[in-house]
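Right, one structure below, let's go through it.
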2 protein chains.
Amino acid sequence: MSAARAGDELTLALALDDAALASRVRELLGPVAGIRLVDGAEDADIVLSDGRAAAAAELNLTARERDVLALLAEGASNKVVANRLGISVHTAKFHVRSLLEKLDATGRTDAVAHAARLGVIDL
Amino acid sequence: MSAARAGDELTLALALDDAALASRVRELLGPVAGIRLVDGAEDADIVLSDGRAAAAAELNLTARERDVLALLAEGASNKVVANRLGISVHTAKFHVRSLLEKLDATGRTDAVAHAARLGVIDL
DNA sequence: TCCGGCCCTAGCCGTTCGGGCAGGTGACGG
DNA sequence: CCGTCACCTGCCCGAACGGCTAGGGCCGGA
């Protein structure tokens with residue numbers, strides 16, 4: 001999420017659920033000078049998104065947190081998460097705690113439900 | 001789920017996600033003699049359903065289990081479930097256990113994820 | 001160079017979960 | 001009348017969870 005310097009190209013990332021809408025946007029904005037469309041919201045100056053995707057983007061989940069979240073959605077315990085990711089149980093709990101805060105959830109079940117609602121994960 | 005006796009009316013229950021499809025079926029089958037369309041899959045001889053709804057129907061969740069499942073999707077603990085439903089914590093755990101078995105889940109998080117996949121609950 | 005974010009590890013502690021077991025009640029149908 | 005099913009309650013216990021505090025290593029930007 002680096003700020004764009006003046007004179008630089010402005011990088012735009014698309015985060016749209018509607019594929020048709022997304023391709024229309026690409027056709028319209030692709031040829032525009034000074035603009036570059038990129039994949040992945042991480043290293044873009046601006047993110048073009050609809051409501052749900054915007055909320056998901058604002059969560060600012062780290063790569064590791066996404067890994068953990070995906071495993072939580074599979075009903076994995078902290079121990080399983082640790083084994084699957086090759087980290088200690090303590091670290092697994094550490095990431096889970098971060099997820100609970102970012103997702104404003106009271107527990108792992110709530111976290112998965114919130115994430116699914118926001119479209120962060122697909123059940 | 002009582003077996004239909006010969007000479008009796010055959011009761012059909014519809015479990016279709018597609019509303020348009022459902023109304024077409026009702027128009028076509030409604031006037032047919034010897035057939036009666038009913039609501040609720042419980043007391044029907046045959047259930048007309050598409051794939052996902054069929055799986056959901058075969059779970060045979062009781063009313064109480066649906067109540068508990070909805071609360072689990074909100075991240076409710078056994079204690080919260082008990083208070084909301086006006087039952088003891090023991091009974092809440094009892095229903096949760098049944099849900100885990102029927103949904104083939106290893107824990108409440110897994111149960112909610114499975115239920116969502118089957119369309120039993122809407123997140 | 002220092003600061004900040006991300007990732008990792010660790011212990012402690014009280015609460016919650018989930019499995020197992022053993023019951024009791026009311027309703028419905030054979 | 002008796003079997004079955006849904007619903008309810010209880011206790012035990014090991015495992016898992018979630019919150020807390022307290023670190024260390026790495027890398028990129030200010």
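Letters A, B, ... mirror the listed sequences (proteins, then strands); counts begin at 1. What you see below is based on every heavy atom in this structure, not just the backbone, and it leaves out hydrogens, waters and symmetry mates.
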Take the protein atom [atom1] of [X] and the nucleotide atom [atom2] of [N], then report the distance between them rounded to whole Å.
| X | N | atom1 | atom2 | result |
| --- | --- | --- | --- | --- |
| B/H90 | D/dT9 | NE2 | C1' | 7 Å |
| B/L61 | D/dC5 | CG | P | 16 Å |
| A/N60 | C/dG5 | CG | C1' | 12 Å |
| A/K93 | C/dT9 | NZ | P | 14 Å |

*For DNA chain D, what residues of residues 69-87 of chain A have any heavy atom nearer than 4.0 Å?*
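Listed by number, they are A/S77, A/N78, A/K79.
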*asked:* Any residue in residues 95-111 of chain B with a heavy atom nearer than 4.0 angstrom to DNA chain D? Just list them by number, or reply none.
replied: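 Those residues are B/H95.
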Would you indicate whether the side-chain heavy atoms of [Y] and [X] approach each other to under 4.5 Å?
| X | Y | value |
| --- | --- | --- |
| B/V68 | B/L99 | yes |
| A/L123 | B/L123 | yes |
| A/R84 | A/E74 | yes |

I need the [X] [atom1] to [Y] [atom2] distance, nearest 0.5 Å.
| X | Y | atom1 | atom2 | result |
| --- | --- | --- | --- | --- |
| A/N83 | A/N78 | CG | CG | 11.0 Å |
| B/L59 | B/R66 | CG | CZ | 8.0 Å |
| A/L72 | A/T109 | CG | OG1 | 9.0 Å |

*Who pairs with A/S77 by side chain to side chain donor-acceptor pair (under 3.5 Å), at least two apart in sequence or on another chain?*
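With sequence neighbours excluded, A/S77 shows a side chain to side chain donor-acceptor pair (under 3.5 Å) to no residue whatsoever.
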_Could you check whether any side-chain N or O of A/R108 sits under 3.5 Å from a backbone N or O of A/A76, counting only pairs where one atom can act as donor and the other as acceptor?_
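Side chain of A/R108 to backbone of A/A76, a donor-acceptor pair under 3.5 Å: yes, one is there.
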*Heavy-atom donor-acceptor pair, B/R64 side chain to B/L85 backbone, under 3.5 Å*: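 Judged by distance alone, yes, a pair lies under 3.5 Å.
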*Between C/dC8 and A/S88, is there an OP1 or OP2 to side-chain N/O distance shorter than 4.0 Å?*
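For C/dC8, OP1/OP2 do not have a side-chain N/O of A/S88 under 4.0 Å.
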*Does B/T91 make a side-chain N or O approach to OP1 or OP2 of D/dC7 shorter than 4.0 Å?*
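For B/T91, the contact criterion (side-chain N or O under 4.0 Å from OP1 or OP2 of D/dC7) is not met.
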*Evaluate the side-chain contact (heavy atoms from CB on, under 4.5 Å) criterion for residues A/L103 and A/L69: first the C-alpha distance (whole Å), next the side-chain angles of each, then the deciding distance (0.1 Å), finally the verdict.*
CA-CA 10 Å; A/L103 289 166; A/L69 181 55; 4.2 Å; yes
*Sequence neighbours excluded - side chain to side chain donor-acceptor pair (under 3.5 Å) pairs with any residue from residues 94-107 of chain B*: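 Those involving residues 94-107 of chain B are B/E65-B/K102.
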*asked:* Could you work out how much the helix from C/dT1-D/dA30 to C/dG30-D/dC1 bends, comparing the axis of its first five pairs with that of its last five, to 10°?
replied: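 Answer for the end axes of this duplex: 40°.
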*Are A/V80 and A/V112 in one and the same hydrophobic cluster, where Ile, Leu, Val, Met, Phe, Trp and Tyr link if side-chain heavy atoms are under 4.5 Å apart?*
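Not linked; separate clusters.
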*CZ of B/R117: more than 12 outside heavy atoms within 6.0 angstrom?*
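For B/R117, atom CZ is crowded (more than 12 foreign heavy atoms under 6.0 Å).
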Report all interatomic pairs (protein N or O, nucleotide N or O of nucleotides 23-30 of chain D) with separations under 3.5 Å.
none

